[in-house]
Amino acid sequence: MDIALIIGADLLAIGVLVFGIYFPRHRRRDLVVAFLGVNVGVLAVALVLGSTAVGAGLGLGLFGVLSIIRLRSREIEQGEVAYYFAALALGLIGGLGGFTWLGAGLMALIVAVLFVADHPSLFRRYRQQTIVVDHAVLDEEELRGEVERLLGARVHALTVVSLDLVNDTTTVDARFELTRPGRPGARAAGIRSAHTAPVTLEPAR
């Protein structure tokens with residue numbers, strides 16, 4: 001009965017995390033499979049390891065190994081890294097701790113924190129984008145003003161990633177706050193600054 005409660009609690013938690021929070025917000029089917037597979041796999045291994053005297057130590061080692069393998073593979077967004085670690089943590093809490101109210105509470109806490117931290121209304125006007133301006137700008141203040149005009153946003157941080165004087169381009173990493181909703185997407189509609197050609201905007205992270 002205890003095993004059934006552990007599995008049930010874990011499946012409930014990962015189900016809410018993946019199908020109730022992650023997928024409706026991010027729509028990446030491949031990571032749904034990854035989160036579910038990692039969670040259930042870690043739970044199964046942790047249940048076996050939990051029956052041994054060195055289960056906890058091996059479980060933490062498993063956590064570290066799986067994290068290294070996943071983070072060295074194809075790039076995922078930082079927010080998705082949080083979901084990945086949450087899936088690991090849910091499996092380990094259930095598998096190594098057994099069913100306790102403390103464990104159930106910690107599972108609920110993990111899900112609740114990600115629900116709040118990844119909510120669309122939290123800092124919804126803040127964005128981060130890598131921007132390629134098709135001419136070289138040496139003056140940082142001029143570059144900041146130009147990016148703000150093009151995005152219709154207030155730039156809080158601007159880092160020059162590369163300045164190519166040969167190909168006449170400037171690549172910057174901009175952290176900004178929208179002042180007019182939807183402004184960055186309007187670039188495709190033909191926004192121009194007073195003295196520049198179009199810029200190329202990569203999708204926000």
Side-chain angles (χ1 to χ4, degrees), residues 17-18 21-32 34-35 38 63-89 110-205:
L17 183 70
V18 173
I21 301 176
Y22 175 76
F23 189 74
R25 296 177 181 178
H26 300 277
R27 302 293 178 179
R28 281 194 61 176
R29 183 180 180 278
D30 59 330
L31 287 182
V32 169
F35 295 150
V38 164
F63 185 94
V65 169
L66 288 174
S67 301
I68 292 172
I69 292 174
R70 183 62 188 92
L71 296 179
R72 287 177 62 87
S73 59
R74 190 167 64 87
E75 182 180 355
I76 62 176
E77 301 294 337
Q78 292 302 310
E80 291 164 341
V81 172
Y83 282 98
Y84 180 76
F85 277 104
L88 284 173
I110 290 172
V111 174
V113 166
L114 283 179
F115 173 80
V116 173
D118 192 40
H119 199 279
S121 64
L122 185 66
F123 303 123
R124 63 189 179 90
R125 289 185 175 273
Y126 288 83
R127 302 287 190 276
Q128 183 275 333
Q129 287 183 321
T130 299
I131 305 171
V132 180
V133 183
D134 65 352
H135 70 287
V137 183
L138 298 175
D139 185 82
E140 185 174 335
E141 290 304 315
E142 177 186 350
L143 180 61
R144 178 186 294 269
E146 184 168 334
V147 171
E148 287 185 341
R149 287 192 299 272
L150 291 170
L151 296 177
R154 178 184 177 187
V155 174
H156 292 282
L158 191 69
T159 303
V160 177
V161 177
S162 67
L163 181 63
D164 192 335
L165 298 177
V166 175
N167 296 315
D168 198 26
T169 60
T170 308
T171 303
V172 297
D173 179 78
R175 312 295 170 95
F176 57 93
E177 178 184 359
L178 297 179
T179 56
R180 283 171 280 179
R183 180 68 175 179
R187 179 95 269 340
I191 296 176
R192 302 290 187 272
S193 70
H195 57 280
T196 64
V199 302
T200 301
L201 303 183
E202 297 183 1
R205 295 178 184 176

Participant: Starting at NE2 of H156, measure out to CZ of F176 and round the result to the nearest 0.5 Å.
Facilitator: 10.0 Å
Participant: Do any N or O atoms from the side chain of R127 and from the backbone of L178 form a donor-acceptor pair under 3.5 angstrom?
Facilitator: no
Participant: Which distance, rounded to the nearest 0.5 Å, do you find between the CD of E148 and the CD of E177?
Facilitator: 11.0 Å
Participant: How close do A86 and L17 get, heavy atom to heavy atom, and via which atoms?
Facilitator: CB-CD2, 3.9 Å
Participant: Would you check if the side chain of D139 reaches a backbone N or O of E141 as a donor-acceptor pair within less than 3.5 Å?
Facilitator: yes
Participant: Drop me the distance from R27's CZ to Y22's OH, to the nearest 0.5 angstrom.
Facilitator: 11.0 Å
Participant: Would you say that more than 12 heavy atoms from the other residues, nucleotides or ligands in this model lie under 6.0 Å from the CZ of R25, or not?
Facilitator: yes
Participant: Is a side-chain N or O of D168 found less than 3.5 angstrom from the main chain of A136, in a donor-acceptor match?
Facilitator: yes
Participant: L158 versus D173: any side-chain heavy-atom pair under 4.5 Å?
Facilitator: no
Participant: Over all heavy atoms of both residues, which pair between I21 and L114 is shortest? Give the atoms and the distance, please.
Facilitator: CG2-O, 4.4 Å
Participant: Under the criterion side-chain contact (heavy atoms from CB on, under 4.5 Å), which of V160, L163, V161, V133 is the partner of T171?
Facilitator: V161
Participant: Quick one: ring-ring contact (aromatic ring centres under 6.0 Å, His included) partners of F23, sequence neighbours excluded?
Facilitator: none
Participant: Check whether NZ of the Lys or CZ of the Arg R28 lies under 6.0 Å from the centre of the six-membered ring of Y83 and within 45 degrees of that ring's axis.
Facilitator: no
Participant: About how many Å separate CD1 of I131 and CD of E146, when rounded to the nearest 0.5 Å?
Facilitator: 10.0 Å
Participant: Do you know the tightest heavy-atom contact between H119 and S121?
Facilitator: ND1-OG, 2.8 Å
Participant: State the CG-NE2 distance between D164 and H135, to the nearest 0.5 angstrom.
Facilitator: 13.5 Å
Participant: Would you confirm whether R175, through its side chain, and Q129, through its main-chain N or O, come within 3.5 Å as a donor-acceptor pair?
Facilitator: no
